[in-house]
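First the structure, in the form of structure tokens, and then the observations on it.
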Amino acid sequence: MTGIYAENSEGIFKKSVLEAASYASQISTDGVTAICIGSPNDGEADKLAKYGITKLIIVEGLTAFDAQNYGKAIAASLTGIKTLIMANTYEGKALAPRIAVLMNASLATNVVALPDTSNGFVVKRGVFSGKGFAHVQLSRDNKIVAITPNSIELKENQVSIAVEKATVSEAGNLTKITASNKAAGKIPLTEAEIVVSAGRGMKGPENWGMVEELASLLGAATACSKPVSDMEWRPHSEHVGQTGITIKPNLYIAIGISGAIQHLAGVSSSKVIVVINKDPEAPFFKAADYGIVGDAFEVLPQLIAAAKAAQN
Amino acid sequence: MSVVPDTTTKITFTDNNTKFNTAGVQFIINPYDELSLTKALEITEKAGGSVTVATVGLAEADAVIRKALAIGANDAIRINANPSDGQFVAEQLAAIAQQGGYDMVLTGRESIDYNGGQVCGLLGALLNWPSVNVCTKMDVIDGKAHFERDIDGGRETIEAVLPVVASAQKDLCEPRIPNMKGIMAARTKPLTVVEPIAVDGFGQYNGFENPIAKQAVKLFDAQNAAQLIDALKNEAKII
Ligand SMILES: Cc1cc2nc3c(=O)[nH]c(=O)nc-3n(C[C@H](O)[C@H](O)[C@H](O)COP(=O)(O)OP(=O)(O)OC[C@H]3O[C@@H](n4cnc5c(N)ncnc54)[C@H](O)[C@@H]3O)c2cc1C
Ligand SMILES: Nc1ncnc2c1ncn2[C@@H]1O[C@H](COP(=O)(O)O)[C@@H](O)[C@H]1O
């Protein structure tokens, strides 16, 4: 039996959960059970059914995230499930190892492709911060596969879904959340399909209006290079690269970023890379699919105008 | 603390793509572990106690471990084994932590070579301690740990009882660098080598590959930037 952990984001199953569902339903022959903590919104279970989930177990009784208690609750709901698929989000990374110990499983995180099951169960995972991939054989009977958001294609597989409820007790929380601050309405960078990113070439924070305008026209999230967040031109949460966030959008547009190896480590798995830089020798062009050698201050207004025109 | 290739390393593989090619590679303290080490020093300077560095690795890790001692750790333990995967590493580190006396075990958010991001949570579960990952702040006040951590789309603050396992995210602190006095002192600090405990296998790395090399970039004229939007829409079909 195959299962997924369906991370509940304020009642909603995000794309990364649907990717886990697609993954699980393509490797399972006898249905897929999803486990979710707390009740999802109306209609959300149907979203799972569209991607092959045959049963949803809603675990009630936990009011606040605690990795230890969540891990225990999920592990306790896994009756019969030998392979668990989940999203490699921050929440997934907090929980997957805890569940792995409880279910005595082999654990692979950062997985980017469906497994090769021709001889055992071999997954492909990202290693060396975007500079390589490894093929790892998971040898235990129980397995947890945590997949990188945006690496598994959604595949519809409409089934009917049964919903069950289970209750656990919250006793023994050893952590307590004292405050939480989520940027409402903004797409988390790791899940964005398009990212518009800018570097020191933008000269100063006052020039980010153009970057944000292009991003909003394209429905993109914004990101930046490390020096830009170090100088506090932009929030630290936007810093991508080896020491920042690793992203894998369909489209990454880099404006005034040189393309240092540490920057590339966080973005080189993007499907299409566009580079705008006034220096034709900028190393980023070697990693780019499309490029413009030019001054961002001349190029961006044209792109904004063209993006506006393309919308109409 | 994990010992990893320098961040500028060009990654290649040998032996028919079954091994990482270490020829000419310089090894460093995993950048996130530099942060957790510095934070451990800051916490013990304030709240008392000492800092032990534990690394699963073979003898070639010793030079990098000495660097951690030079930065300020009191002593070090090397578990003499090839760190074959995160689960194996966590079992070894848990065995050390179980010997007792530790109030906090700090790891990095992930190792920049194997990018598992697993060891913090695995240790928490193996030790039956709470685990708090991707922390941007850590503090111990009156015997209680306080953290700020990244969550999907934001940040939260969280308290935990000791003992606790936590992992370091960027922004946690400015990493310290060794000074001359530290380097001299490190020579005589204890670095104990212990043999690994037996662990049932979890898996095996069968082989590696590099990302597929990109085709040459397609350039557009800066005077005619609108063509780029057209290409993204009609050629790449991505916007
Ligand atoms: C251990 C370590 C970890 C690191 N981690 C990261 C990381 O995670 N992420 C990261 O980004 N960096 C990281 N770095 C830093 C990295 O090495 C680079 O210094 C950094 O990425 C450079 O940022 P940048 O491209 O914005 O700035 P610069 O290197 O200054 O490049 C600016 C670019 O803008 C171009 N430019 C200037 N003016 C214009 C204009 N008007 N129009 C168009 N283009 C223009 C220039 O030609 C240049 O290429 C790390 C470094 C180390 C040592
Ligand atoms: N071989 C190792 N020895 C000691 N600690 C390690 C080792 N490998 C990983 N770690 C710790 O676990 C963290 C996360 O590693 P990983 O789960 O492999 O990404 C690292 O930042 C280290 O703190």
Side-chain angles (χ1 to χ4, degrees), chain A residues 67-68 71 89-91 93-94 97-98 101-102 106-107 109-110 122 126-129 131-140 174-183 186 188 218 236 242-244 250-251 261-262 268 272 285 287-294 298-299 302-303 306-307 310, chain B residues 7-8 11 13 31 86-87 90 112-118 120-122 124-126 129-134 150-161 170-171 201-211 214-215 217-220 222 225-226 228-233 236 238-239:
Chain A
Q68 194 166 13
T89 55
Y90 285 130
E91 182 169 331
K93 286 181 206 191
R98 297 215 66 122
V101 169
L102 296 172
S106 294
L107 167 64
T109 55
N110 228 0
V122 178
V127 290
F128 296 105
S129 306
K131 294 186 259 180
F133 295 101
H135 298 273
V136 187
Q137 170 102 39
L138 302 185
S139 50
R140 297 218 166 165
L174 295 176
T175 65
K176 188 172 118 206
I177 295 169
T178 48
S180 170
N181 182 359
K182 278 199 186 189
K186 261 187 108 177
L218 299 176
H236 281 279
Q242 182 124 37
T243 48
N250 291 334
L251 174 60
I261 192 160
Q262 297 92 351
S268 59
V272 173
F285 283 117
D289 300 279
Y290 296 101
I292 295 179
V293 179
E298 283 168 26
V299 170
Q302 295 178 60
L303 293 182
Chain B
T7 56
T8 57
I11 303 297
F13 304 103
Q87 291 186 281
I112 64 163
D113 51 359
Y114 287 94
N115 305 121
Q118 318 182 336
C120 168
L122 289 169
L126 289 167
W129 295 4
S131 54
V132 182
N133 67 335
V134 285
D150 278 347
I151 52 175
D152 298 288
R155 277 196 179 160
E156 69 184 15
T157 54
I158 184 164
E159 290 174 5
V161 297
K170 63 178 174 107
D171 299 348
F202 295 95
Q204 180 191 322
Y205 278 78
N206 288 347
F208 295 92
E209 61 185 88
N210 287 112
K214 290 256 177 192
Q215 291 195 328
V217 53
K218 187 166 177 182
L219 289 178
F220 296 95
L228 170 65
I229 297 292
D230 187 58
L232 293 176
K233 198 177 161 92
I238 213 154
I239 58 171

### Message
For chain A, which candidate among B:A231, B:G201, B:P130 shows the most heavy-atom pairs at distances under 4.5 Å?
### Response
B:P130

### Heavy-atom pair count under 4.5 Å with chain B, highest-scoring of A:R98, A:K93, A:Q68
A:R98

### Message
Rounded at 0.5 Å granularity, tell me how far CG in A:L107 sits from CG in B:L122.
### Response
6.0 Å

### Query
Where does A:Q137 contact chain B at under 4.5 Å (heavy atoms): side chain, backbone, both or neither?
both

### Task
Just jot down the side-chain contact (heavy atoms from CB on, under 4.5 Å) partners of A:Q302, sequence neighbours excluded, or say none.
B:A225

#### Entry: CG-CD1 distance between A:N250 and B:I239, expressed to the nearest 0.5 angstrom
12.0 Å

#### Entry: Residue pair A:I261, B:T7: steps toward the side chain to side chain contact (heavy atoms under 4.5 Å, CB included) verdict
CA-CA 8 Å; A:I261 192 160; B:T7 56; 5.8 Å; no

### Query
Under a 4.5 Å heavy-atom cut-off, does chain A meet the side chain of B:N133, its backbone, both or neither?
side chain

### Query
Side chain of A:E91, backbone of B:D152: donor and acceptor closer than 3.5 Å?
no

### Query
Is the shortest heavy-atom distance from the side chain of B:T8 to the side chain of A:Q262 under 4.5 Å?
yes

### Query
Where on A:I292 is there a heavy atom nearer than 4.5 Å to chain B: the side chain, the backbone, both, or neither?
both

### Query
Counting distance only, does the side-chain N/O of A:S180 pair as donor-acceptor with the main-chain N or O of B:E156 below 3.5 Å?
no

### Task
Give, as side chain, backbone, both or neither, the part of B:V161 having an atom under 4.5 angstrom from any heavy atom of chain A.
both

### Message
So for A:E298, is it side chain, backbone, both, or neither that comes closer than 4.5 Å to the heavy atoms of chain B?
### Response
side chain

### Query
Which value, rounded to the nearest 0.5 Å, describes the distance between B:F208 atom CZ and A:H135 atom NE2?
9.5 Å

### Task
Could you have a look at B:P31, B:S131, B:P211 and say which one has the most heavy-atom pairs with chain A under 4.5 angstrom?
B:P211

### Task
Under 4.5 Å heavy-atom distance to chain A, tell me which part of B:D150 shows up: side chain, backbone, both or neither.
both

### Message
Report which part of A:A310 has an atom under 4.5 Å of a heavy atom belonging to chain B: side chain, backbone, both, or neither.
### Response
both

### Message
With rounding to the nearest 0.5 angstrom, report the CZ to CG distance, A:F128 to B:N210.
### Response
9.5 Å

### Summary
Scored by heavy-atom pairs under 4.5 Å with chain B, the best of A:L303, A:N110, A:V299 is A:L303

### Donor-acceptor contact below 3.5 Å, side chain A:S129 vs main chain B:I112
yes

### Task
Identify which of B:I151, B:V132, B:D230 forms the greatest number of heavy-atom pairs closer than 4.5 Å to chain A.
B:I151

### Query
Checking B:I238 against chain A: side chain, backbone, both or neither under 4.5 Å from a heavy atom?
both

### Task
Select one option (side chain, backbone, both, neither) describing which atoms of A:L174 are under 4.5 Å from chain B's heavy atoms.
both

### Task
Please determine, among A:G71, A:G132, A:G294, A:A67, the option with the most heavy-atom pairs under 4.5 Å with chain B.
A:G132

#### Entry: side-chain hydrogen bond (donor to acceptor under 3.5 Å, both in side chains) evaluation trace for B:E159 with A:T178
CA-CA 7 Å; B:E159 290 174 5; A:T178 48; 5.1 Å; no

